[in-house]
Amino acid sequence: MKWAVICAGALVTALCFAAPAPAACVPGTTWTYDDIRYVSVVQSAFPNGGWPDYSFEATYFPARATYAERASARLTAKRNVPRTGVFVASDPIASFRKIVGVLKAASFFDMRLAPATSSYIDGPEDTVTVALCGIRWSLGTIVQPGQVAQNDDSGRRFFALESELRKMIFADAWSTSTTEP
């Protein structure tokens, strides 16, 4: 993680402390996986397909001069997954970091999916979305304007990423949410 020394105070006295530097979002700079601030994983399909049906969403806010590091993580699990219901992460910061670690290990930003060579009617409608520096990166099986190939090397790599994300998400500690989505 990048760090900066932030100082504030009058001419005579100053208050200085170390804090994470802002994301490398200035044009011409290089961002890293540490700059990710939002992750969404959605796996969905027609009920008879047997595919997992859940959504996970997490947002991360690094520490700044006036507030501590914080995060939120929410899971809505519907069917063909280890638990069902609406949950919040017991430790959302750890959850977020683990998910980003999976994305980094899979080289998410290097992934691509090829257009489908034939149309299909019933299949997974899965999307992994990441946001950093005001840019949303979405990789999914049904992204407009068309479908993508699922049985080539890129498709298999995407489904392997989804499998790892799902394992990490459902292995996490969750508490029942007190509010409906």
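- Considering only heavy atoms from C-beta on, Tyr33 comes within 4.5 Å of Ile36 through its side chain.
- Considering all non-hydrogen atoms of both residues, Val102 and Met168 come closest at CG2-CE, 3.8 Å.
- The minimum heavy-atom distance between Phe108 and Leu161, with the atom names listed, is CD1-CD2, 3.8 Å.
- Residues Ser107 and Arg157 have side chains in contact (heavy-atom distance under 4.5 Å, counting atoms from C-beta outward).
- Thr176 has its side chain out of reach of Val86: every pair of non-hydrogen atoms, C-beta onward, lies at least 4.5 Å apart.
- The two residues Tyr38 and Glu57 come nearest to each other via the heavy atoms OH-OE2, 2.6 Å.
- A donor-acceptor pair under 3.5 Å is formed between the side chain of Ser95 and the backbone N or O of Asp91.
- One N or O on the side chain of Asp126 and one on the backbone of Ser44 form a donor-acceptor pair closer than 3.5 Å.
- Across all non-hydrogen atoms, the minimal contact from Asp53 to Val81 is N-CG1, 4.2 Å.
- Between Thr32 and Leu132 the shortest side-chain heavy-atom distance does not fall below 4.5 Å.
- Atoms CG and NZ, from Leu165 and Lys167 in turn, are 10.5 Å apart once rounded to the nearest 0.5 Å.
- A distance below 6.0 Å separates the ring centres of Phe170 and Tyr54.
- Within the 4.5 Å cutoff, the side chain of Ser154 has no heavy atoms near those of the Met111 side chain.
- Shown here for Glu162 and Val42, the closest heavy-atom pair between the two residues is OE2-O, 4.2 Å.
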Verdict with supporting geometry, Leu103 and Val128, side-chain contact (heavy atoms from CB on, under 4.5 Å): CA-CA 10 Å; Leu103 293 167; Val128 177; 4.0 Å; yes
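- A distance below 6.0 Å separates the ring centres of Trp31 and Phe109.
- Phe96 places none of its side-chain heavy atoms less than 4.5 Å from the side chain of Thr59.
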side-chain contact (heavy atoms from CB on, under 4.5 Å) evaluation trace for Arg136 with Val130: CA-CA 6 Å; Arg136 278 180 104 94; Val130 171; over 6 Å; no
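- Note that the OG atom of Ser55 and the NZ atom of Lys78 stand 6.5 Å from one another [nearest 0.5 Å].
- Neither side chain, Thr129 nor Ser40, offers a donor N or O lying under 3.5 Å from an acceptor on the other.
- A salt bridge links Glu69 with Arg97: at least one charged nitrogen is closer than 4.0 Å to a carboxylate oxygen.
- Summarising the geometry of Ile169 relative to Trp174, their closest heavy-atom pair is O-NE1, 2.7 Å, with the distance given to 0.1 Å.
- By the criterion of side-chain heavy atoms lying less than 4.5 angstrom apart, applied directly or through intervening Ile, Leu, Val, Met, Phe, Trp or Tyr residues, Tyr67 is not grouped with Ile93; the two fall into different hydrophobic clusters.
- One distance of note links CG of Asp172 with CZ of Phe56; it measures 7.5 Å at 0.5 Å rounding.
- The closest donor-acceptor contact from the side chain of Tyr60 to the backbone of Pro92 lies at 3.5 Å or more, if one exists at all.
- Between the OG atom in Ser163 and the CD atom in Gln43 there is a gap of 8.5 Å [rounded to 0.5 Å].
- Of the inter-residue distances, the one linking Phe159 atom CZ with Glu164 atom CD reads 15.0 Å to the nearest 0.5 angstrom.
- Seen from the ring of Phe61, Arg70 counts as a face-on cation partner, given the 6.0 Å and 45° thresholds.
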